[in-house]
There are 2 protein chains.
Amino acid sequence: MPSKLCARHTKKQPCTCGMGNLYRFVEPLILHLLAIKGSACGYALLADLEAHALTDAAIDKAALYRTLRHLEANGKVQSAWETDGGGPARRVYTLTRDGEEHLEEWAAVLEHLAQAMDRFVRAVRKPKRRHTRPRSRAAIASPSKKSRNVR
Amino acid sequence: MPSKLCARHTKKQPCTCGMGNLYRFVEPLILHLLAIKGSACGYALLADLEAHALTDAAIDKAALYRTLRHLEANGKVQSAWETDGGGPARRVYTLTRDGEEHLEEWAAVLEHLAQAMDRFVRAVRKPKRRHTRPRSRAAIASPSKKSRNVR
DNA sequence: CGATCTAGATGCGTTGAACATCTAGATGAG
DNA sequence: CTCATCTAGATGTTCAACGCATCTAGATCG
């Protein structure tokens, strides 16, 4: 996810930039499931994803498989074909060390985001402070000094 | 946002389906800012958005203006040109009643999402329960009974 | 044999994201 | 006066993601 390295923020702390809400949080879910299951093929993950999903949005098969390949391409997971045991061959995935770290990063990002969202929700629900009368033109025109370089 | 009405869920509760994390949460932020400011033009919102943003991702001018037009097209905000006071004409936006309700919906959605993310983060950080040895083939093949219709 | 289940993958049309660019009035410096 | 800058809004383009449909193919079972 931070494959693009996020030019804007040179912060140490992982940021939400590079991820663009990638894949509807499918990525961290997969990493987490692999972490607790040890290993699994895509099809097996599908059922668990439904149960653990962060949102009530259904998870697309295609998104799952594509995300797995994407994770593998970035070295977050490894896969190996498993043909024994009947049925079509399964591509069985396991987390790499890199993947474990990636999951931690995701946790940090989501933790921040959750807190921010929580603050936002409470701000929205805060007993409506009656808003100041339509402010003067000047107040609107120059919101603050540090809004110079708004790009 | 639930303009597509979300065919999948006929739940009463607002869901995250229709929104696809639309516009990086710019939409609810705009609604909220308009709610507390009473009214504002896009340019004035820009500065406040930086301060209130949910993520550390910078907010794109283009995204802001387009979101405003989108909100207006859906009746969530109203706008009027304001030419007095010097400078180029400003399109000044105000929330509609519909927009106020929309903000409430967003609050509900974000509240749920924040809780889900919080649970997820805690699950990830939970003291690693040593995962069971590579489970039997059967256990992998049929994850659960209710995974029949995984689409 | 044919239907169904398991498992993975691909194709495509639409939409969103990131970034650059453009118009144009107002203002201020030289 | 002229040029640069600021304010304000809008558009265009490219690329990635999303949603949905479809496809292959082995295994299994009636």
Side-chain angles (χ1 to χ4, degrees), chain A residues 1 3-4 6-8 16-27 40-47 55 57-70 72 79-93 137-138 140-145 147-151, chain B residues 1 3-4 6-8 16-27 40-47 55 57-70 72 79-93 137-138 140-145 147-151:
Chain A
M1 151 214 50
S3 50
K4 308 185 83 175
C6 179
R8 271 193 292 275
T16 44
C17 274
M19 74 183 206
N21 287 310
L22 210 58
Y23 298 125
R24 282 175 179 284
F25 305 109
V26 171
E27 190 175 302
C41 68
Y43 193 83
L45 288 171
L46 207 50
T55 74
I59 284 160
D60 190 23
K61 267 170 72 77
L64 168 64
Y65 285 116
R66 277 199 258 250
T67 303
L68 282 169
R69 306 309 300 275
H70 176 76
E72 185 168 27
S79 77
W81 284 104
E82 209 178 74
T83 47
D84 61 299
R90 278 141 284 128
R91 203 188 271 274
V92 173
Y93 291 91
R137 157 85 187 121
I140 294 184
S142 45
S144 82
K145 244 44 191 162
S147 71
R148 285 307 102 169
N149 49 358
V150 264
R151 189 155 54 94
Chain B
M1 150 215 51
S3 49
K4 308 186 83 174
C6 179
R8 272 195 290 278
T16 45
C17 272
M19 73 182 207
N21 287 309
L22 212 58
Y23 298 125
R24 282 177 178 281
F25 306 109
V26 171
E27 189 175 302
C41 68
Y43 194 83
L45 289 171
L46 207 49
T55 74
I59 283 160
D60 191 23
K61 266 171 71 80
L64 168 66
Y65 285 115
R66 275 199 257 253
T67 302
L68 281 169
R69 306 309 300 275
H70 175 75
E72 184 168 29
S79 78
W81 284 105
E82 210 178 75
T83 46
D84 62 298
R90 277 142 285 128
R91 204 187 270 275
V92 173
Y93 291 92
R137 157 83 188 121
I140 295 180
S142 45
S144 82
K145 245 45 192 162
S147 71
R148 285 308 100 169
N149 48 359
V150 264
R151 191 156 56 96

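Every chain is numbered from 1, with letters handed out A, B, ... down the list of sequences. Atoms considered below: every heavy atom in the structure, side chains included; atoms not considered: hydrogens, waters and symmetry mates.
- As a whole-Å value, the separation of B:Ile59 CD1 from C:dC19 P is 14 Å.
- Five base pairs at each end of the helix from C:dC1-D:dG30 to C:dG30-D:dC1 define two local axes, and these are offset by 10° (rounded to 10°).
- In this structure, B:Leu46 atom CG and D:dC6 atom P are separated by 15 Å, rounded to whole Å.
- Once rounded to the nearest 0.5 Å, the distance linking SG of B:Cys41 with OH of B:Tyr65 reads 6.5 Å.
- Distance check, rounded to the nearest 0.5 Å: CG of A:Leu68 to CD of A:Glu27 gives 10.0 Å.
- Checked by atom type and distance alone, the side chain of A:Arg90 never pairs as donor or acceptor with a backbone atom of A:Gly42 at under 3.5 Å.
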### Query
Nucleotide by nucleotide, 5' to 3', does protein get under 4.0 Å of the base (B), only the sugar-phosphate (S), or neither (-) in nucleotides 9-15 of chain D, counting heavy atoms?
BSBB---
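- Put simply, CG on A:Leu64 is 13 Å from P on D:dG19, counting in whole angstrom units.
- Distance, A:Leu68 CG to C:dT10 P: 13 Å, rounded to whole Å.
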### Task
Verify side-chain contact (heavy atoms from CB on, under 4.5 Å) between B:Arg69 and B:Tyr93, making sure each step is shown before the conclusion.
CA-CA 10 Å; B:Arg69 306 309 300 275; B:Tyr93 291 92; 3.4 Å; yes
